[in-house]
Every structure is written in C-alpha cells, then in structure tokens.
Amino acid sequence: MKNNGLYPIQDKNLWVAQWHLNDNSLAPTLIFLHEALGSVSLWKDFPERLCQRLGLNGLCYDRQGHGLSDPMDKKRDKLYLHEEALGYLRGVIDYFDIQHPILIGHSDGGSIALIYAAHFPHTKGVITEAAHIYVEPAGRPGIQTAMQQFKTTSLREKLQKYHGDKTEALFYAWAATWTDPSFADWEITGLLPRIEAPCLLLQGAEDQYASQQHLFDIAKGIGAKAQAVLLENCGHTPHLQTQEETLDLMADFIVMLNKG
C-alpha cells in the first residue's frame, strides 16, 4: 500500500510517499533520500521495487524546495546538508516513529545519510550512491555543463515537470553553492569514523561529478564496516542507469543486515 501526502515536519510541509508492506515493528524501514535536483518522483519505481522485493516498509520524501514540498526560504550555506540530516531527516524519522532506519541516499542524499548515521547510532544501515564528503575539482566541469544545459536545452523544462515554479531557485541553489569559492573547503571526512552502521557505497565509474577516488576515500574513512562498489558503464545515477545490478546489490546487502 502506498500513502502519499504533505506532512508537517519541523517548520515545513514536506511531501512524503510511503510503502507499507510489513507489520513487524522490529523490521527496518527503508528511507530514500534524493539527489540535489531530485524528488520522490525522480526515483521512478526503484523504491517500490526494492521494498516489494524485500517485503519491507519504505519512505521517500521531497526535501524543502523540491517536488511538492514547501519552497526554499533562505540561502544555503555550509551547514545546509547538516541541517537536512539533523533537522528534517531526524524530524521525518521521529514523526513516523521509525525505530530501525536503513538510509538509502543518492548524491546529496548520500551525504545526508552519512551525516545522520555519524550522529545517530540507531541507524541500522546506510547505502549511498555517488555520495560526496568534500568538494572536488573534478566535479566542477559537470556542474558547468549542467548550467549551460539549463540555459540552452530542454533541461529546465524537464525539471519543471517535477519541481514546478521552484525549478530555477532549486537549480541555482545547487549550482551556485557547489561552485562558490566560499564552499570550496566544505567536507565531512571527520564524521566518517563515527559511523557504526554497516555501509554499502556505490558509484558509477563514469560519474561526471566525482572521481573514483572519492568513493574509496569514503570507504577508507568509515573503515571495515564499509563495502565500496564501482559500477562499470554507469554515471551519476546507478538506480536508473544500472538498475538491476543496483537493485541486486542493495537487496543482498539489506538481507545480510537483517541476518546480523
């Protein structure tokens, strides 16, 4: 069963989609955290497929400024990902009384998952796709290309289907933040050793926003609890570009978590 709706989280109304497949209060809940320009809808059918395969409950929500949630009302700064993790994500988990979260984060969502897990040991597991833990020069050309595409191609119109009149503010909040010189020293590497939950780290070998070394640095920072997988013939979005392989990897990891 899927339940969609706006819910009062912290001081905002956030759009939440839920899949209820399990009445066992001890079973984990999968929480899907979208990318910087993402939304619930942009995950496509991947969350539902993973929940159905595992027979587990799932939840996905539009962050402020995305999709059907309230628009952004302030300029982003170096703490915006921390605010998402420790404020709104924590608020969602508390509101829905989720006791055993497994966080599945893509790009910005992956960074949010890592920050949350470093602060809250009740996190049962973490899966990231293309997470970032520092600002990397290798990512700048990809952002610059996206900025040009936003001005000259149908990219703006494609994003408007998901974000409506919030599209331009959202796009430039992402692009301007990650290319701002004052943001260049942002990093969360110091948090990684604090993560107690097992982690599955995924990245496409052809990710246009990060080098392959970025993946290995995340794994090194977390230590023995982390498993890193570099996906061949894949860019920034494994759950869409290598969907079946990504589905298998995530499902196998979660099955092992539940056995432990």
Side-chain angles (χ1 to χ4, degrees), residues 32-44 46 62-67 69 71-72 75-78 80-81 84 104-114 127-189 201-218 228-243 245-246:
F32 297 85
L33 305 165
H34 61 69
E35 63 177 314
L37 300 178
S39 67
V40 170
S41 296
L42 277 165
W43 277 101
K44 306 298 185 181
F46 188 87
D62 290 333
R63 296 195 295 275
Q64 183 190 3
H66 299 253
S69 291
M72 286 185 287
K75 189 177 186 297
R76 286 180 175 171
D77 58 26
K78 285 184 181 179
Y80 87 96
L81 292 171
E84 290 290 348
I104 302 172
H106 176 215
S107 193
D108 265 24
S111 303
I112 291 166
L114 294 172
I127 301 175
T128 66
E129 298 179 276
H132 28 257
I133 57 169
Y134 49 74
V135 179
E136 192 173 23
R140 184 176 288 269
I143 297 173
Q144 291 172 334
T145 297
M147 292 173 72
Q148 186 64 23
Q149 291 173 338
F150 191 76
K151 294 176 181 177
T152 62
T153 72
S154 61
L155 176 59
R156 182 193 299 264
E157 287 71 29
K158 290 178 179 177
L159 290 173
Q160 282 176 335
K161 290 190 297 184
Y162 301 98
H163 305 297
D165 59 9
K166 298 188 286 287
T167 300
E168 184 153 343
L170 174 62
F171 182 85
Y172 285 109
W174 165 68
T177 297
W178 284 89
T179 56
D180 189 330
S182 68
F183 195 74
D185 61 351
W186 173 87
E187 54 87 19
I188 57 171
T189 53
L201 313 171
L202 306 178
Q203 183 174 313
E206 299 167 10
D207 192 326
Q208 65 269 40
Y209 298 114
S211 71
Q212 296 178 10
Q213 185 61 44
H214 208 132
L215 172 69
F216 304 131
D217 287 344
I218 300 173
V229 180
L230 191 66
L231 298 162
E232 299 298 330
N233 302 310
C234 180
H236 189 63
T237 315
H239 63 272
L240 298 181
Q241 295 168 326
T242 53
Q243 184 168 113
E245 182 179 4
T246 300

Quick one: list whatever passes side-chain contact (heavy atoms from CB on, under 4.5 Å) with Ala205, sequence neighbours left out. Gln212, Leu230, Glu232

Set of residues satisfying ring-ring contact (aromatic ring centres under 6.0 Å, His included) with respect to His163, sequence neighbours excluded: His66

Taking only residues at least two apart or on different chains, which pairs with a member in residues 162-171 satisfy salt bridge (charged side-chain N to carboxylate O under 4.0 Å, His left out)? Arg156-Glu168

Please name all residues satisfying ring-ring contact (aromatic ring centres under 6.0 Å, His included) with His239, sequence neighbours left out, ordered by chain then number. Trp43, Phe46, His106

If you compare all heavy atoms of Leu33 against all heavy atoms of Arg63, which two are closest, and at what distance to 0.1 Å? C-NH1, 4.2 Å

Sequence neighbours excluded, the answer for side chain to side chain donor-acceptor pair (under 3.5 Å) partners of Glu187 is Thr189

For Trp186 and Ser111, work out which heavy atoms get closest and say how close. CH2-OG, 4.4 Å

Can you name the ring-ring contact (aromatic ring centres under 6.0 Å, His included) partners of Phe150, sequence neighbours left out? Phe171, Tyr172

Minimal heavy-atom distance between Val40 and Asp62, with the atoms involved, is N-OD1, 2.6 Å

Sequence neighbours excluded, which residues qualify as salt bridge (charged side-chain N to carboxylate O under 4.0 Å, His left out) partners of Glu136? none

Would you please test Lys44 and Gln243 for side chain to side chain contact (heavy atoms under 4.5 Å, CB included) and show each step? CA-CA 11 Å; Lys44 306 298 185 181; Gln243 184 168 113; 5.7 Å; no

Thr242: which residues meet the side-chain contact (heavy atoms from CB on, under 4.5 Å) condition with it, sequence neighbours left out? Leu231, Cys234, Pro238, Glu245, Thr246

For Ser154, which residues count as a side-chain contact (heavy atoms from CB on, under 4.5 Å) partner, sequence neighbours excluded? Glu157, Lys158

Kindly determine whether Trp178 and His132 satisfy side chain to side chain contact (heavy atoms under 4.5 Å, CB included), including the steps that lead there. CA-CA 11 Å; Trp178 284 89; His132 28 257; 3.3 Å; yes

Atom of Leu155, atom of Ala146 and distance for their closest heavy-atom approach: CD2-O, 3.7 Å

Tell me every residue that passes ring-ring contact (aromatic ring centres under 6.0 Å, His included) with Tyr134, counting only those two or more places apart in sequence or in another chain. His214

Of all residues at least two apart in sequence or in a different chain, which pass the side chain to side chain donor-acceptor pair (under 3.5 Å) check with Gln149? none

State which residues pass side-chain contact (heavy atoms from CB on, under 4.5 Å) with Gln213; sequence neighbours excluded, sorted by chain then number. Ser211, Phe216, Asp217

